[in-house]
Amino acid sequence: MMRLFYPFLFLLISFAVRGENGNEKLMAQLKAELARKSVYDNQKERVIAGLKQELERCASNDLDRKYQLCNRLFEEYKSYQYDSAYVYTQKMIRLSVAMHDLPKQYESNIKLGIILLSSGMFIETRDCLDQVDPKILDTKSKRLYYRLKCVFYAELANYNNDKYYAEHYRQESHKYLDSAIALAEKGSFEQIMYKAEVPDTAGQELSNYKYYEELLYRHKLTQHQTAMIAAALADHYEGDERMRLLYIAAINDIKSSIKETVAIYKLGRNLYRVGDVKDAYFFMQEALNNAEFYGSRLHKIEIASILPDIAANKILITENAKNKFIIYLLTSLIIVVIISLISFIVFIQLKRLRVKERIIAEKNNQLEKINVRLSEDARIKEEYIGYFFNIFSEYILKLEKLKRNGERKMKSHQYEDILALFSQINIKKERDHLFRTFDRVFLKLFPNFVQSFNALLKPEDQIWPRDNEVLNAHLRIFALVRLGITDNETIAKILEYSVNTVYTYKFRIKTKALVKPDDFDTSIMDIKVVTEP
């Protein structure tokens, strides 16, 4: 009962689709499936990855298990990717030789011949077949062997246009096809499909396309089988029915991740014949992508022979559409000119207004930046004027006290006391006090300076003050840079270093920075003054 349910359901769907603009719906479905093809390909890749992992875990001495896994990987790859399928047939051959299993070795050669033929390598296919002795094969492998011989001679006849040789190849193909039919199980998918391939002139029971219909509408098929049968049956129809079958074939090819396919190529070619150049070009491009992904030289040559014509017609149609558009514009020009003149005047006025608004906005932005900079400068000057005023006041008081003591002792001729008085002046201590005061004022203005500075360096190159320091020499140099003092000589005079020392410190840090050396000073200048609340 279930055997008849699926074909019946397929027929109902087919008739429903043929009603209500069925082919348009099928085209929309095909394009939707093309957009999702990566989903199906990813599913296939996951199956392949699982088999590969299983192969890697397989014991090194379990040659038969390895052979079976390589065979399954070949089946996954044979219509998906030529190179990988070829690799696993080679592994199957090596494993069968290592097992001294001649039937498996022949089976591997047959499967190698299948992918070689799909890539258009006729000589290599023939060499593989010549190495096989069908007498020692089991029924399944022998049927596969005769089927491959049949397809080999059929493809050779299609490729060779010579009248004598092409006819000879076709006769050979029919002979091997008869052998494959005889070995197939009665009523099986393979037997019915092989019967469908027998030419009508061979005196078979039904016209060959009837066998295809029997398979398509009365058998439960896999997606790959559905695609094969629908594509083959399409050759026996014309018009909408042919297109419907090709859509079904192409959709099922995508769902089963088949790259070695002709359905989408036939679909593109038929769309081109009926004048739908745009969709024909789109599907031909997809057919070319499939052929390149799989590695089929024959299909690429076949597609390349027609794709330039489609592309040329696509360009011609585009040009004709442009010409029609130009004619439409010319006929509408008189009305458009009046509207355009009014619109142009309004547009010019609006454009001028927008330009002025843009200039004003830019000037406002510049003024805002200048105001921020002036505010920072004012804050810096305010802090440092007060700082230097206090420093100078302290030093004036110290000098005044030193002067009075010196004069008093000079009058008393206490020269040794004068020397002792001068010895109390510690220049290093005074300089350290000066720098510490500078550092505290600077960090009051830029409390995040040390963290922002080190953010420009790698962790291993960062410079942090010690426990007894506020800023160190490296940080103090770039603190002066942030205050706008960039000249090395001026920095050297302030810090009482040599110019070379300042240059070396700056160079070493810039070469280790996360930003470009030329951008380092700019990044320092971007550290903001913290304004008082």
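- A side-chain donor from one of Gln285 and Tyr281 sits under 3.5 Å from a side-chain acceptor of the other.
- Within the 3.5 Å criterion, the main-chain N or O of Tyr169 finds no donor-acceptor partner in the side chain of Ser173.
- Remark: Asp178 engages no residue in a salt bridge (Lys or Arg N to Asp or Glu O under 4.0 Å) (not counting sequence neighbours).
- Residues Arg482 and Ile524 approach most closely at CD-O, 3.1 Å, considering heavy atoms.
- Counting only N and O atoms by type, the side chains of Thr522 and Asp519 include no donor and acceptor under 3.5 Å apart.
- The minimum heavy-atom distance linking Cys58 with Lys66 is given by the pair SG-CG, 3.7 Å.
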### Query
Where do His224 and Asn252 land on the side-chain contact (heavy atoms from CB on, under 4.5 Å) test, with the steps shown first?
CA-CA 6 Å; His224 183 34; Asn252 281 276; over 6 Å; no

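- Between Tyr247 and Gln29, the side chains place no donor N or O within less than 3.5 Å of an acceptor N or O (distance only, hydrogens not considered).
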For residues 81-88, tabulate all N or O donor-acceptor pairs below 3.5 Å that involve a side-chain atom, not counting sequence neighbours.
{"unit_1": "Gln81", "atom_1": "OE1", "unit_2": "Ser84", "atom_2": "OG", "d": "3.3"}
{"unit_1": "Tyr86", "atom_1": "OH", "unit_2": "Gln90", "atom_2": "NE2", "d": "3.4"}

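- Contact of the Tyr194 side chain with the Arg143 side chain is registered, since non-hydrogen atoms from C-beta on lie closer than 4.5 Å.
- Taken from CG in Leu246 to CG in Leu233, the straight-line distance is 9.5 Å, to the nearest 0.5 Å.
- Using a 4.5 Å heavy-atom threshold, the side chains of Glu185 and Thr139 count as separate.
- A donor-acceptor distance shorter than 3.5 angstrom exists from the side chain of Arg242 to the backbone of Ala234, with no hydrogens or angles considered.
- A salt bridge links Arg147 with Glu197: the distance from a Lys NZ or Arg NE/NH1/NH2 to an Asp or Glu carboxylate oxygen falls below 4.0 Å.
- Annotation: the span from His174 atom NE2 to Ile181 atom CD1 amounts to 10.5 Å, rounded to 0.5 Å.
- At least one side-chain heavy atom of Leu271 sits under 4.5 Å from a side-chain heavy atom of Met27.
- Side chain to side chain, Glu45 and Tyr80 meet the donor-acceptor criterion of an N or O pair below 3.5 Å.
- Under a cut-off of 6.0 angstrom, the local environment of OH in Tyr503 is sparse, with at most 12 non-hydrogen atoms contributed by other residues, nucleotides or ligands.
- Rounded to the nearest 0.5 Å, atoms CE (Met243) and CG (Leu26) are 10.0 Å apart.
- Among all heavy-atom pairs drawn from Leu95 and Cys70, the shortest one is CD1-SG, 4.0 Å.
- For Ala196 against Tyr211, the heavy-atom pair with the smallest separation is CB-CB, 3.6 Å.
- Below 30°, between 30° and 60°, or above 60°: for Phe478 and Phe520 the angle between ring planes is above 60°, a perpendicular geometry.
- Counting only heavy atoms from C-beta outward, the side chains of Lys31 and Phe283 approach each other to under 4.5 Å.
- Although no hydrogens or angles enter the test, the distance criterion places no donor-acceptor pair under 3.5 Å between the side chain of Glu214 and the main chain of Lys210.
- Between atom CG of residue Leu69 and atom CD of residue Gln53 there is a gap of 12.0 Å, rounded to the nearest 0.5 Å.
- Put simply, the side chain of Arg466 does not reach to within 4.5 Å of the side chain of Asn472, judged on heavy atoms.
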Using distance only, find each side-chain donor-acceptor pair of residues 107-117 under 3.5 Å and give its atom names and separation, not counting sequence neighbours.
{"unit_1": "Glu107", "atom_1": "OE1", "unit_2": "Tyr67", "atom_2": "OH", "d": "2.6"}
{"unit_1": "Ser108", "atom_1": "OG", "unit_2": "Tyr67", "atom_2": "OH", "d": "3.2"}
{"unit_1": "Ser108", "atom_1": "OG", "unit_2": "Lys104", "atom_2": "O", "d": "2.8"}
{"unit_1": "Asn109", "atom_1": "ND2", "unit_2": "Gln105", "atom_2": "O", "d": "3.4"}
{"unit_1": "Lys111", "atom_1": "NZ", "unit_2": "Asn71", "atom_2": "OD1", "d": "2.4"}
{"unit_1": "Lys111", "atom_1": "NZ", "unit_2": "Glu75", "atom_2": "OE2", "d": "3.4"}

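- One N or O on the side chain of Lys44 and one on the backbone of Glu76 form a donor-acceptor pair closer than 3.5 Å.
- To the nearest 0.5 Å, atom OG of residue Ser141 and atom CG of residue Leu183 are 11.0 Å apart.
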### Query
Between Asn42 and Val39, is a side-chain contact (heavy atoms from CB on, under 4.5 Å) present by the stated rule, with each step listed?
CA-CA 5 Å; Asn42 289 339; Val39 176; 5.7 Å; no

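- Put simply, the side chain of Leu73 reaches to within 4.5 Å of the side chain of Leu55, judged on heavy atoms.
- For the residue pair Lys78 and Tyr294, the shortest heavy atom distance occurs at O-OH, 2.9 Å.
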### Query
Are His219 and Ile192 close enough, and set up right, to give a side-chain contact (heavy atoms from CB on, under 4.5 Å), and what steps lead you there?
CA-CA 11 Å; His219 280 67; Ile192 298 172; 3.6 Å; yes

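- Between Trp464 and Leu475, the closest side-chain pair of non-hydrogen atoms is not below 4.5 Å.
- Heavy-atom neighbours of Phe507 CZ from other residues, nucleotides or ligands within 6.0 Å: at or below the threshold of 12.
- Within the model, atoms CZ of Arg269 and CE of Met284 stand 7.0 Å from one another, a figure rounded to the nearest 0.5 Å.
- Listed here is the closest heavy atom pair of Ala249 and Ala263: CB-CB, 3.6 Å.
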### Message
Between Phe189 and Ile229, does the side-chain contact (heavy atoms from CB on, under 4.5 Å) criterion hold? Intermediate values first, please.
### Response
CA-CA 10 Å; Phe189 170 82; Ile229 300 305; 3.9 Å; yes

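- Lys37 is linked by a salt bridge (Lys or Arg N to Asp or Glu O under 4.0 Å) to Glu286, counting only residues two or more places apart in sequence or in another chain.
- Annotation: side-chain contact (heavy atoms from CB on, under 4.5 Å) contacts of Ile335 (sequence neighbours excluded): Ile339.
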Give the table of side-chain donor-acceptor pairs shorter than 3.5 Å for residues 449-459, with sequence neighbours excluded, one pair per line with atom names and distance.
{"unit_1": "Ser452", "atom_1": "OG", "unit_2": "Asn448", "atom_2": "O", "d": "2.9"}
{"unit_1": "Asn454", "atom_1": "OD1", "unit_2": "Ile463", "atom_2": "N", "d": "2.7"}
{"unit_1": "Asn454", "atom_1": "ND2", "unit_2": "Val450", "atom_2": "O", "d": "3.1"}
{"unit_1": "Asn454", "atom_1": "ND2", "unit_2": "Ile463", "atom_2": "O", "d": "2.9"}

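- In this structure the side chain of Phe74 never reaches within 4.5 angstrom of the side chain of Lys91, judged on heavy atoms.
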